[in-house]
Protein chains: 2
Amino acid sequence: MIKERCLPAGLNEEEVVRLDQQMEHRLPIKKGQLLFSQGQALSAIYAISTGSFKTRILHEDGRSQITGFQLSGEMMGLDAISEERYACDAIALEDSTVCKIDYDSLANLESEISRLQRSFNKTLSAEIVRDQTIMLLLGSMRAEERVAAFLVNLSQRFHDRQQSATELVLKMTREDIGSYLGLKIETVSRVLSRFAEEGLIAVQGRLIVITDINALLSLNSY
Amino acid sequence: MIKERCLPAGLNEEEVVRLDQQMEHRLPIKKGQLLFSQGQALSAIYAISTGSFKTRILHEDGRSQITGFQLSGEMMGLDAISEERYACDAIALEDSTVCKIDYDSLANLESEISRLQRSFNKTLSAEIVRDQTIMLLLGSMRAEERVAAFLVNLSQRFHDRQQSATELVLKMTREDIGSYLGLKIETVSRVLSRFAEEGLIAVQGRLIVITDINALLSLNSY
DNA sequence: AAATAATATTGATCTAAATCAATATTTCAT
DNA sequence: ATGAAATATTGATTTAGATCAATATTATTT
């Protein structure tokens, strides 16, 4: 029977039984083994029965960032719901066993889950993926890369909203940007000035004009 | 009518209409105004119609960390689902308007959402809260605070699993810990040695014995 | 059990970003 | 419009943590 902590409370007996039938129990995973890997199509969510795992994001340039350590009872693969592919690698830290919860059966269980709910799941999952990307940024990028990543990301999101992707009117202060990027305000200012000197952008207070997006892109890959 | 990007795709016309009835549209929020604040009971999820926001986590010691900037069409408050209270402050960066989506109506819409699904939502949301806590750690803590936070957190989670909260048998390498905490392996090692010197812990390779949990706690508040 | 590889510790030095400090610019309130 | 407050830039200096380097310890394989 499913262990109590495999899914949070809130289920009645019948639901537990039904859910239990969707699961493969005590699937053994050897130390060092990859449970799922970044980019792989979503097939299941996992709950750890025994043992422990690490989750890791790999960056194109080879850098990697540990995004979490998971212990027994905790779930892995939630970040895959958004794009229907895993956003990280999960690697066993010791010989472990997991419950494998088939995602489609879970999501369509008794047809109770509407498409609305499913889309809500995806929104939640996308937020997890986004946060993990920022963890990668905070954990392993240098100041210039962080600021470049910030500008590129904002440019993309402005573009998605039919706003100019090159003339960014920032609504946030340098202080906010610094706090977001894990940098001090002076460093943000200096990096922006340096980018301006090098002709990548033009800075007029909160208006930033991107003049060489490729140079910014080459500074990161976010 | 609800704007297309207020919720991700995947809804049919009827669902959009139903959802639309659960929402307060174009609620105006003045620049600098707090839409919701950390600790407040969850009442609604918000989607930005126009304008932009920042989300911020406040630490007990007064430090704060920007965890994101949200633009039109993006959602805020997802992190509140887990504990039914908002995990961050949301502050308007300019005069903005939001769609307010009543959480209870959303979650109970036509009784389609089972308690199972609701509990799944909470799991997803808890992951968001956890990631944001790590963002705070990576963005604003010094090496000693990070390592202390790591040990305290692990101790708590071991305790939750009926394992010793003081004798931690680490399954991860120093390299993993370093990557997780945004530190180099040498720094992790040095901080552990320093803690040992000061009598907070005893280190024997991957066995770490916590001898002064209060001192570790006072180094952070995670 | 010995050999090899992987991990971890410790020291010396360097450097990116923080801090301290002064001034400039923008924004807001009257 | 004017003054005050908030925000931003730039320079000089310091410092926490990175890097470089050597050795020690622990795991893994033969």
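A note on names: the letters A, B, ... follow the listed sequences, proteins ahead of strands, and every chain is numbered from 1.
Between the side chains of A/T97 and A/T50, at least one donor N or O lies within less than 3.5 Å of an accepting N or O. For A/S72 and B/R161, the side-chain atoms include at least one donor-acceptor pair closer than 3.5 Å. Under 3.5 Å, the side chains of A/Q70 and A/S52 contain no donor-acceptor pair of N or O atoms.
Heavy-atom distances under 4.0 Å link DNA chain C to B/V203, B/R206 of residues 201-209 of chain B, given in residue order.
Rounding to whole angstrom units, CD1 of residue B/I185 and P of D/dA24 are separated by 17 Å. The CG-P distance, from B/L93 to C/dT27, rounds to 14 Å in whole Å. Atom CD of B/E145 is separated from atom P of D/dA16 by 12 Å (rounded to the nearest Å). Distance NZ (B/K184) to P (D/dG17): 14 Å, rounded to an integer number of Å. Regarding A/L170, its CG atom lies at a distance of 15 Å from the P atom of D/dT7, rounded to whole Å.
Ranked by how close their nearest DNA chain C nucleotide is to the 5' end, A/R142 and B/K31 are led by A/R142. Annotation: of the two residues near DNA chain C, B/T187 and A/R146, the 5′-most nearest-nucleotide partner is B/T187.
Within the nucleic acid shown, A/G182 comes within 4.0 Å of sugar-phosphate atoms alone, with no base atom in reach, counting heavy atoms only. As judged by a 4.0 angstrom heavy-atom cut-off over every strand, B/S193 is placed among residues touching the sugar-phosphate backbone only. Looking at heavy-atom distances under 4.0 Å, A/L192 makes no contact with the nucleic acid at all. At a threshold of 4.0 angstrom between heavy atoms, the contacts of A/S189 include nucleobase atoms, whether or not backbone atoms are also involved.
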Candidate pair A/F53 and A/I29, rule side chain to side chain contact (heavy atoms under 4.5 Å, CB included), full reasoning: CA-CA 10 Å; A/F53 284 74; A/I29 308 291; 4.1 Å; yes
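Of all heavy-atom pairs between A/T67 and B/R130, the closest is O-NH2, 3.5 Å.
The number of heavy-atom neighbours closer than 6.0 Å to CD of B/E175, taken from other residues, nucleotides and ligands shown, is 12 or below. By the 6.0 Å contact criterion, CD on A/Q163 is enclosed, its count of non-hydrogen atoms from other residues, nucleotides or ligands being greater than 12.
Aromatic ring pairs are classed by plane angle as parallel below 30°, tilted from 30° to 60° and perpendicular above 60°; the pair A/Y46 and A/F36 is parallel.
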Shorter than 3.5 Å, N or O on both sides, protein versus nucleotides 20-22 of chain C: list them out with atom names.
residue	atom	partner	partner atom	Å
C/dC20	N4	A/E186	OE2	3.2

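Remark: A/R157 engages B/E74 in a salt bridge (charged side-chain N to carboxylate O under 4.0 Å, His left out) (not counting sequence neighbours).
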